[in-house]
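For the numbers below, each heavy atom of this structure counts, side chains included, while hydrogens, waters and symmetry mates do not. Note that ligands are numbered from 1 as they come in the structure, with each ligand's atoms numbered from 1 the same way.
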Amino acid sequence: MKGEQLESVVYASNMGSYEQACKRFQWEDVESHFTWSRTGKVNMAHEAIDRHVYEGRGHKTALLYCDGQREESYTFMQLCMESNRFGNVLRKYNVAKGERVFVFMPRSPELIIALLGILKVGAVAGPLFEAFMETAVKDRLEDSGAVAIVTTPELLSRIPRDELPELKHVFVVRDSSQLAGDVIDFKAEMEQASYEFEPEWLDREDGLIIHYTSGSTGKPKGVYHVQNAMIQHYYTGKVVLDLREDDIYWCTADPGWVTGTSYGIFAPWLNGATNVIRGGRFSPENWYRTIERYQVTVWYSAPTAFRMLMGANEEILEKYDLSSLRHVLSVGEPLNPEVVRWGWKAYGQRIHDTWWMTETGGQLICNYPEMAIKPGSMGKPLPGIEAAILDDEGNVLPPNQMGNLAIRTGWPSMMRKIWNNPAKYDEYFRFSGWYVSGDSAYMDEDGYFWFQGRIDDVINSSGERIGPFEVESKLVEHPAVAEAGVIGKPDPMRGEIIKAFIALREGYEPSEELKEEIYRFVRGGLSAHAAPREIEFKDKLPKTRSGKIMRRVLKAWELELPTGDLSTIED
Ligand code: ATP
Ligand code: MG
């Protein structure tokens, strides 16, 4: 193998050797773990929660919740009963199979219970970020034709009910006695509802969840997933998250985006793990305290969080005992090699990058516990998944050539439609037999995949194609740089030049000398054509709530164009 790599951790894993696993892999084998694969009748909430009660694990802790004010724990039995109650509430209001029901509230046990109750009546869950403002909320409820929503008193005013004729029921969690209008008191209804409930038994192709994507590239789209996706959630929970029965698992993502449901709810509970959910805002102290307090063993987070933790002062790291960690993973954005190296020093853990998208429903290209990691690579396709790099005509490219990252169609958690937008859906499948991701990447001769950028973000400078990620990763190696976003700026001579937007670390001041130094740093470390000829310092970079740098916003700033849909921007 070429290039830098970190040797794999040697411990008994759930997968065995990668090559062997690929050879003998069959989706039918994974399916056979579910009784419904024979009977045909399925319900995600039953599989993730109730099944453990029937199989004698009802008293095991399913959920550890904290947010700085509240701290609660729930067994599988308790989650089963509480979600049964909400199932009964929804049935009382005649919410039926296939209808869309949203949750719009901060992370909390009520959010989880509501979401499970929605699944139990066979409705399609629609999770929304608490930070969405009125227009964003309206667009999503309107597009999906939502019939009900569960929210909090604080967020209620952002739901323009008189403009949403299809929205029949608004459930308000916590005291709603002071609220005007015909809202329904969640708590009062729950208190009256029975713990007994027969879930709606569904077909594997019946709806599960609709996620409006975070919109890094433009208008949000309603990505629709079905029950069948659980096969992938279960399987990747086992072989990628490496979940075992005694694990305490923490996924830091909000259920408002797909990682927070596929891997914040479904995968851990399908595998019977104890699941930590932390509400409240990010701070290095709060996060490390959470790991220490619950003895978290498997931790799934995002590059933006790791970069912020890397930027925090060293003493914080000293203060907390993080030795319970045995497996750390990342998703959402390219994971800079510098961060992987730092993670190894700071936690004694290799941070395992995983690549997938809202549309794919589950992980597809990953670094498994048993693989050697090449820092900067997102790893190899999951056994059962075929990935390739295609040119713009749909031909498979040889190793080391940059092109369209594509996946052979037909994995269990692939989206089944884009709500109300069949034309958009068809674009992903424009080359027969392939799902085209919209990301640009290459594969090396060892079969590792290397992310380069979104197709639209790839820069063409003096005839060279440059992925912004490579430049950004070099930039964050510079001691002054906390975060960097790189775009192509039109240039009469070179086609495009590289422009970098940079947020500095604490203690560094913007200056012309620093620009020059950073330029030379990239030029010397990477190449002349990849060095940013223009640098602009910013206090902060525009990011989505799920932590992605919004390069299209940087580009719009630069070209003085409209910034487009900003509903998912952080602040
Ligand atoms: P939209 O499609 O609406 O613009 P989005 O693409 O940001 O939103 P997601 O589906 O949450 O919404 O993100 C998937 C994208 O995130 C991938 O296509 C890829 O660009 C990026 N991504 C995810 N994981 C990784 C990873 N491990 N390495 C590099 N990029 C990643
Ligand atoms: Mg996308």
Side-chain angles (χ1 to χ4, degrees), residues 127 129 136 139-140 143 209-223 225 240 253-264 300-306 329-337 339-340 351-367 373-382 387 404-407 413-415 418-419 421 424-425 427-428 435-442 448-458 467-470 472-473 485 542-553 564-570:
F129 277 126
D139 286 351
R140 287 157 174 83
D143 184 64
I209 200 160
I210 182 165
H211 271 289
Y212 282 84
T213 57
S214 58
S216 313
T217 53
K219 204 173 159 44
K221 19 184 203 294
V223 178
H225 288 288
V240 183
D254 188 282
W257 72 297
V258 71
T259 306
T261 58
S262 291
Y263 295 101
Y300 198 12
S301 195
T304 180
F306 291 121
L329 305 100
S330 169
V331 67
E333 257 203 307
L335 181 65
N336 320 86
V339 179
V340 178
I351 306 179
H352 293 72
D353 194 14
T354 64
W355 176 89
W356 58 291
M357 312 168 64
T358 309
E359 294 88 330
T360 72
Q363 297 159 336
L364 295 180
I365 299 180
C366 304
N367 290 280
I373 291 178
K374 297 192 190 189
S377 160
M378 48 203 194
K380 293 185 181 188
L382 201 71
N404 298 287
L405 173 58
I407 309 291
S413 64
M414 193 171 85
M415 65 169 167
I418 300 279
W419 200 266
N421 198 343
K424 178 77 207 172
Y425 180 82
E427 276 175 30
Y428 293 92
Y435 162 85
V436 184
S437 68
D439 285 348
S440 153
Y442 70 88
Y448 283 72
F449 282 74
W450 299 77
F451 180 87
Q452 297 298 294
R454 292 166 188 268
I455 292 288
D456 301 340
D457 292 339
V458 171
F469 171 54
E470 206 182 7
E472 290 164 6
S473 280
K543 275 190 280 184
T544 64
R545 291 271 308 167
S546 56
K548 295 171 200 286
I549 296 169
M550 295 171 99
R551 294 186 193 81
R552 88 177 149 84
V553 173
D565 185 284
L566 289 181
S567 60
T568 61
I569 204 163
E570 196 174 37

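The atoms of ligand 1 that sit less than 4.0 Å from any heavy atom of Asp353 are 26 (C), 27 (N), 28 (N). Atoms of ligand 1 lying under 4.0 Å from any heavy atom of Asp439, numbered from 1 in the order shown and given with element: 17 (C), 18 (O), 19 (C), 20 (O). In summary, the atoms of ligand 1 found under 4.0 Å from a heavy atom of Lys221, numbered by their order in the structure, are 1 (P), 2 (O), 3 (O). With ligand atoms numbered from 1 in the order given, ligand 1 contributes 14 (C), 23 (C), 24 (N) to contacts under 4.0 Å with heavy atoms of Trp356. Close approach to Pro334 involves these atoms of ligand 1, each under 4.0 Å from a residue heavy atom: 28 (N), 29 (C), 30 (N).
Side-chain contact of Tyr212 with Asp143: a donor-acceptor pair under 3.5 Å is present, judged by distance alone.
Here's the thing with Ser437: none of its N/O atoms is less than 3.5 angstrom from an N/O atom of ligand 1. Inclusion of Thr213 in the set of residues having an N or O under 3.5 Å from an N or O of ligand 1 is warranted. Considering both main-chain and side-chain atoms, Met378 never comes within under 3.5 Å of ligand 1 through any nitrogen or oxygen pair. Looking at ligand 1, you won't find any N or O of Ser330 less than 3.5 Å from one of its N or O atoms.
In this structure, Tyr442 and Trp450 have parallel ring planes: the angle between them is below the 30° cut-off, well short of the 60° mark.
Under the 4.0 Å criterion applied to side-chain N and carboxylate O atoms, Glu333 and Lys543 are not assigned as salt-bridge partners.
Both the backbone and the side chain of Thr358 come within 4.0 Å of ligand 1, counting heavy atoms alone.
Closest heavy-atom approach to atom 13 (O) of ligand 1 within the set Lys548, Glu333, Met357, His211: this belongs to Lys548. Distances from atom 23 (C) of ligand 1 to the heavy atoms of Gly379, Ala253, Gly332 put Gly332 nearest. Comparing heavy-atom distances from atom 15 (C) of ligand 1 across Gln452, Met550, Arg454 singles out Arg454 as nearest.
With a 6.0 Å radius and a threshold of 12 heavy atoms from other residues, nucleotides or ligands, Glu470 has its CD atom at or below the threshold.
Residues satisfying the ring pair (Phe, Tyr, Trp, His ring centres under 6.0 Å) criterion with Trp356, sequence neighbours excluded, are Tyr263.
Atom NZ of residue Lys380 and atom OH of residue Tyr448 lie 5.0 Å apart, to the nearest 0.5 angstrom.
Applying side chain to side chain donor-acceptor pair (under 3.5 Å) to Trp355 and the options Asp439, Asn367, Thr360 leaves one that passes, Asp439.
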